[in-house]
Amino acid sequence: MSKTLVRFAPSPTGNLHVGNMRTALVNYLYARKVGGDFMLRIDDTDDERSTPEFEASIRHDLQWMGMDWDQEDRQSSRIDRYMAALDQLVQSGRAYKCFETQDELSLKRKSQLAAGRPPVYDRAALKLTAEEIAAKEAAGEKPHYRFMLEDVTVAWNDLVRGDVAVPMSSLSDPVILRADGRVIYTLASVVDDMDHGVTHILRGEDHTTNSAAQIQLFEALGGKAPEMGHFALLAGADGEGLSKRLGSLSIASLREDGILPIAVASLLARIGTSDPVEARQSMGQVIEGFDITRFGRATPRFDPEELKMINSKVIGGLDYTDIASALEALGVGGGDLFWHAVRGNINRIEDAKMWYDIATQPITPQIEAGNVITAAITALPEGEMTAETWGQWTKAIMAATGEKGRAVFMPLRLALTGQSAGPELKGVLPVMGRDRILARLNGEAA
RNA sequence: GACCCGUUCGUCUAGAGGCCUAGGACACUGGCCUUUCACGCCGGCAACACGGGUUCGAAUCCCGUACGGGUCGCCA
């Protein structure tokens, strides 16, 4: 049994969104769970749409997510291999030249559709004689090549969908080389998977029929298809296909919204499975609980609100050492004490800055009538505000006023922060400082 | 249009003929705890898309309908 190798094979024709990232993540987790290798393969055979910028962005997003890869390759560097494979298919009679133009083909499809028939290629090119082909080529017509499908039902045991059967009669012979000489992904991918020794192909169910054709391609090339797993695609929160609104769900936009990678991983690795979605603190935990057999066949909905909630939970469990540098970059002080006070009250790390500003920049206090504030002013301990100040102070206020609980607490919160809800004041007092506390208790905008 | 897949609490799902007066998690919600909030603990609300059939018995099997997703590219 060879070592498990899976791959994520994006084409650099756009930025990663949650759907892509889920595919990448599933592959990554699968590899890590069994101690196999994870490969990044850049599928850039479509050089009209592929750009270095998109490739860089994809790499950046993957790294941001905390995914590392053990191997990498790119299709544009393997053209020779693909041409050799094509040659092999031509020799064995499985690949053939076609001369229809794209217009002719789309016209053909249209009339088939109109007649209520599946738009399957009619293999007209197979009827061409050697002379006709020679004449066309002499006239300067460039052929494209198709792979001849065997008319059987291709079946396999899918890692997530169970027994799958695709009758090939419903499929067109796939084009594998374009008239302009560029290789099509269908062939390139199979050649790569064979050469690299990919053991499992895990991708979205939109590839199911592709897989059926490619299984024949693997065999025609003298190889054997890897294990396959096709998971259901994500839908939006309203049940609509995700593709219609990808813009707002790009990884980059999530990052800008202050969503942490581990929150994204926590959700994407579990959505559509029977395992509970929980906020994890590390990729190791996500890997540990991953099980591809838990995926269902139904289309799960991806709700950005759920991601936000998970993000809040992740943040609530973060230790100061985890994000000390991020806080420093934001200009948030107060150290461990302040962070612990604030982490349960924020949805994004950036929000810590908001509470820090409330503690350190002038605000308008809300002074509630009553004797609590008066007592607070006289009872405020002298000297440096520490972690112990809050306890001593409130105890003194309670003793002086006879009030307790919320009656003591809320007036203080309103006066000190101007808000009715927020982080534990115990951790806020030290950064606020005695002078500002006193001023706010006196109703000054300090 | 054809073909494939799907449809169980708001959400993700468990469920492979009697174990289901349908279980869990998240969300929501009531209470307890607590020097607010949160956490934690205890409780509650809440679903088998619809219609036929098979069967002593169906969420589970069959047929149909509706709805959703996917595929049908010289994209990947």
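Each chain gets a letter, A, B and so on, in the order the sequences are listed, and its residues count up from 1.
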Nearest-angstrom distance from the residue atom [atom1] of [X] to [atom2] of [N]:
X: A:L233; N: B:rG69; atom1: CG; atom2: P; value: 11 Å
X: A:I346; N: B:rC37; atom1: CD1; atom2: C1'; value: 14 Å
X: A:E306; N: B:rU13; atom1: CD; atom2: C1'; value: 12 Å
X: A:I42; N: B:rC75; atom1: CD1; atom2: P; value: 20 Å
X: A:R74; N: B:rA76; atom1: CZ; atom2: C1'; value: 16 Å
X: A:E55; N: B:rA76; atom1: CD; atom2: P; value: 16 Å
X: A:F231; N: B:rC4; atom1: CZ; atom2: P; value: 23 Å

Can you check the distance between [N] and [M], where both ends of the measurement are the [atom1] atom (answer in whole Å)?
N: B:rG24; M: B:rA46; atom1: P; result: 14 Å
N: B:rG6; M: B:rC32; atom1: C1'; result: 43 Å
N: B:rU60; M: B:rC3; atom1: C1'; result: 26 Å
N: B:rC50; M: B:rU29; atom1: P; result: 29 Å
N: B:rC5; M: B:rG10; atom1: P; result: 27 Å
N: B:rG44; M: B:rU7; atom1: P; result: 29 Å
N: B:rC63; M: B:rC26; atom1: P; result: 38 Å
N: B:rA47; M: B:rG23; atom1: P; result: 11 Å

Modelled atom types, side-chain donor and acceptor of [X] and [Y], under 3.5 Å:
X: A:D158; Y: A:W156; result: yes
X: A:R348; Y: A:S312; result: no
X: A:S250; Y: A:N15; result: no

(message) Which residue in the set A:D192, A:D44, A:D43 passes salt bridge (charged side-chain N to carboxylate O under 4.0 Å, His left out) when paired with A:R78?
(response) A:D192
(message) Would A:R146 and A:Y121 count as a cation-pi pair here, with the cationic atom under 6.0 angstrom from the ring centre and within 45° of the axis?
(response)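 Verdict for A:Y121: a cation-pi partner in A:R146.
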(message) Just N and O in the side chain of A:K313: are any of them under 4.0 Å from OP1 or OP2 of B:rA27?
(response) yes
Looking at [N], which nucleotide sits across from it as a Watson-Crick or G-U wobble partner, both distances under 3.5 angstrom, or is there none?
N: B:rC50; result: B:rG64
N: B:rC3; result: B:rG70
N: B:rA22; result: none

(request) Check the angle between the aromatic planes of A:H200 and A:Y30 and answer parallel, tilted or perpendicular using the 30° and 60° thresholds. (result) tilted
Listed nucleotide nearest any side-chain atom of [X], set [options]:
X: A:P300; options: B:rU13, B:rU35, B:rG6; result: B:rU13
X: A:A298; options: B:rA76, B:rC37, B:rG6; result: B:rG6
X: A:M398; options: B:rU35, B:rA76, B:rG70; result: B:rU35
X: A:D43; options: B:rG1, B:rU13, B:rA76; result: B:rA76
X: A:Q102; options: B:rC74, B:rU36, B:rA14; result: B:rC74

Does the base of [N] carry an N or O that pairs as donor and acceptor with the side chain of [X] under 3.5 Å?
X: A:R413; N: B:rU36; answer: yes
X: A:T394; N: B:rU35; answer: yes
X: A:N210; N: B:rA76; answer: yes

(message) For A:W390 together with A:F409, are the ring centres under 6.0 Å from each other?
(response) yes
(message) Regarding A:A179, tell me which of base, sugar-phosphate or nothing describes its non-hydrogen contacts under 4.0 Å with the strands shown.
(response)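 Base contact.
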